[in-house]
Amino acid sequence: MTHESTDWDSIWRAPYRPLFFLAGLWALVVPMVWLLPQQLAPDRVEWHSRELVFGMGGAAAGGYLLTALPAWTKRGPVPPAATMIATGLWCAARLTGALSEHLPLIAAAIGVSAYFVFLTSMLICGVVVSGAWDRCWAPLGTGALGINALASIGDGPSPMPLLYAALIVLIGGRAVPAFTRSWLDRAGGGRSLRNRRELSHLAAAGILVATCLHGAWPPVLPGLMLLLSGALLLWQMTEWQILGTRHYPSLFILHVAFAWTPTALILGGLSAILPGQLPADDALHALTMGAMGTMIAAFMMRPAMVRDGQSLILGRTMAGAFSLVSLSALLRISGGWLSKDYFDPVAVAAICWMAGWTLFLVAYFPAMSGPVPRPAFSAALGNKVERGKGITAVEGVSRSAEHQGAGA
């Protein structure tokens, strides 16, 4: 077997490799629809919102959950064939979404939902076989996304990015403080971290209630639920030692990314209660570009970071990518208050977004081949490197809080 074929085969040895790449690529490509003439892209708003939620978000969620699944089930890595199937179904969903108006309804329904059905099936099997019932939220989440994708065919309801907010709360609310606690233990200094997990659970419940009440009357009800959820997350973050993590950039960006979620929820609540004061579009972009965009970028960068002992190094290219994605969200939601005499904040936000994801792809591409690091999302647990079909432990470290929180 040649070196090139070995590198190609290694792409399928970890689900995050192709799916994270596709998530970053789609985040870059989707906004380009606004550069096309109106007659070539009549439904630009609907298409780009659907593809960012189900395309970019779907690939990122699938890459993370399938990579984390073996740690939850205490079994071996996901087979390369499963990664190939997931990747193929994701690509089929993108093609189906573009051609849905020209396909029979049953074909369109199967095409847009098959990827999430496959993810949900994989996660259900893992949870049931291993008895990891505390992870049952994962298949419930992907199942809900599949139902939403199915319902959005044709003139169906718009995508519900609030479902991703719930996933961010459940995943990030566990992983970010776990990563932080592990770093604090290594750094010493007597600093402690307290994580009130019940607050993130209550916040996730509030988000789901607000999602179910979407479109209900009066709109103040879902608005109040979003405000409550955002306040609970801010309360939870107060004891996460956020400022101290500025000395560890790869961890600090996770805190910045997670902070976008309560911000977006509070803005969403205010826009529902006071629609005349805060446009709904600003709150929506705080959730999609801010919360989803930054958290997806921060998590997807971790497997591609250079490992220095038990630390992950945030390179300049990745730092630039994260900064541009964050800046794009800030510009987009503050466009209504910025002067348009010298520049168009919406256009500049789009440029920053696309530039940020271009830098992400440049930094991420080298991680598509070669040995697979285990665990994928941290360097604090043994620095195991998968070579071929086996796994070689370079440095053995016992199971830590970081592993329990990240699950990968």
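The analysis underlying the following values was restricted to heavy atoms, covering all of them including side chains, and did not include hydrogens, waters or symmetry mates. In this text the structure is predicted, and so the values were computed from the model without any measurement.
Using a 4.5 Å heavy-atom cutoff, the side chains of Phe116 and Asn148 are not in contact. When side chains are defined from C-beta on, Cys352 counts as touching Leu331, because their heavy atoms get closer than 4.5 Å. Side chains of Trp353 and Met289 form a contact here, defined as non-hydrogen atoms less than 4.5 Å apart. Between Val129 and Thr73 there is no side-chain heavy-atom pair separated by less than 4.5 Å. For the pair Leu234/Thr238, no side-chain contact is recorded, criterion being any heavy-atom separation below 4.5 Å from C-beta on. You'll find the side chain of Arg302 stays beyond 4.5 Å of the side chain of Phe20, heavy atoms only. At least one side-chain heavy atom of Arg196 sits less than 4.5 Å from a side-chain heavy atom of Trp235. Two residues are said to be in side-chain contact when any heavy atoms from C-beta on lie closer than 4.5 Å; Ile296 and Met56 meet this criterion.
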**OP:** Apply the test side chain to side chain contact (heavy atoms under 4.5 Å, CB included) to residues Val78 and Met122: give CA-CA distance (whole Å), side-chain angles for both, the deciding distance (0.1 Å), then the verdict.
**Re:** CA-CA 9 Å; Val78 171; Met122 290 283 293; 4.0 Å; yes
**OP:** Carefully, step by step, assess Phe21 and Leu361 under the rule side chain to side chain contact (heavy atoms under 4.5 Å, CB included).
**Re:** CA-CA 7 Å; Phe21 177 80; Leu361 292 172; 3.8 Å; yes
Subject >> Derivation of the ring-ring contact (aromatic ring centres under 6.0 Å, His included) call for Tyr64 and Phe299 >> reply: CA-CA 8 Å; Tyr64 175 83; Phe299 257 102; 5.5 Å; yes
Subject >> Pair Trp72-Trp137, ring-ring contact (aromatic ring centres under 6.0 Å, His included): steps then yes or no >> reply: CA-CA 13 Å; Trp72 299 349; Trp137 55 265; 5.8 Å; yes
**OP:** Determine, stepwise, if the pair Phe179 / His255 fulfils side chain to side chain contact (heavy atoms under 4.5 Å, CB included).
**Re:** CA-CA 10 Å; Phe179 287 144; His255 285 272; over 6 Å; no
**OP:** Go through Leu226 and Ile266 one step at a time and tell me if the side chain to side chain contact (heavy atoms under 4.5 Å, CB included) criterion holds.
**Re:** CA-CA 6 Å; Leu226 293 179; Ile266 290 172; over 6 Å; no
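Counting only residues at least two apart or in different chains, salt bridge (charged side-chain N to carboxylate O under 4.0 Å, His left out) contacts with residues 244-270 are absent.
For Trp240 and Trp183, the distance between ring centers is not under 6.0 angstrom.
Expressed to the nearest 0.5 Å, how far OH of Tyr115 lies from CG of Leu89 amounts to 9.0 Å. Note that the CD1 atom of Ile253 and the CE atom of Met295 stand 9.5 Å from one another [nearest 0.5 Å]. Atom-to-atom distance recorded for Leu140:CG and Leu145:CG is 11.0 Å, nearest 0.5 angstrom. Rounded to the nearest 0.5 angstrom, Leu66 CG and Leu123 CG are separated by 6.0 Å. Between Glu46 atom CD and Glu51 atom CD the span is 10.0 Å, to the nearest 0.5 Å. A distance of 8.0 Å separates CG in Leu150 from CD1 in Ile147, rounded to the nearest 0.5 Å.
For the pair Arg94 (side chain) and Trp90 (backbone), a donor-acceptor distance under 3.5 Å is present. In terms of modelled atom types and a separation under 3.5 Å, the side chain of Ser10 and the main chain of Gly370 share a donor-acceptor contact. Thr67 places a side-chain N or O within 3.5 Å of a backbone atom of Tyr16 that can act as its donor or acceptor partner. Panel note: side chain Tyr164, backbone Gly58; a donor-acceptor pair is recorded below 3.5 Å. When atom types are taken as modelled, the side chain of Ser200 and the backbone of Arg197 share a donor-acceptor pair closer than 3.5 angstrom. A donor-acceptor pair under 3.5 Å is absent between the side-chain atoms of Ser182 and the main chain of Ala178, judged by distance alone. A donor-acceptor pair under 3.5 Å is formed between the side chain of Arg50 and the backbone N or O of Gly97.
Side-chain contact check for Thr142 and Thr120: at least one donor-acceptor pair (N or O, by modelled atom type) lies under 3.5 Å. Counting only N and O atoms by type, the side chains of Gln236 and Asn195 include a donor and acceptor under 3.5 Å apart. Between the side chains of Ser328 and Arg332, no donor N or O sits under 3.5 Å from an acceptor N or O.
Listed here is the closest heavy atom pair of Val372 and Ala14: CG1-CB, 3.8 Å. Of all heavy-atom pairs between Ile207 and Ser229, the closest is N-OG, 3.4 Å. Residues Pro303 and Ala367 approach most closely at O-CB, 4.4 Å, considering heavy atoms. Residue Gly223 comes nearest to Ala272 through the heavy atom pair CA-CB, 3.8 Å, listed as atom of the first residue, atom of the second, then distance. Between Leu278 and Leu267, the shortest heavy-atom contact is CD2-O, 3.1 Å. In this structure, Ser378 and Leu312 approach most closely via the heavy-atom pair CA-CD1, 4.0 Å.
Counting heavy atoms of neighbouring residues, nucleotides and ligands inside a 6.0 Å radius, atom CD of Glu198 exceeds 12 of them.
Relative ring orientation between Tyr364 and Phe360 is described as parallel, the plane-to-plane angle staying below 30° on a 0-90° scale split at 30° and 60°.
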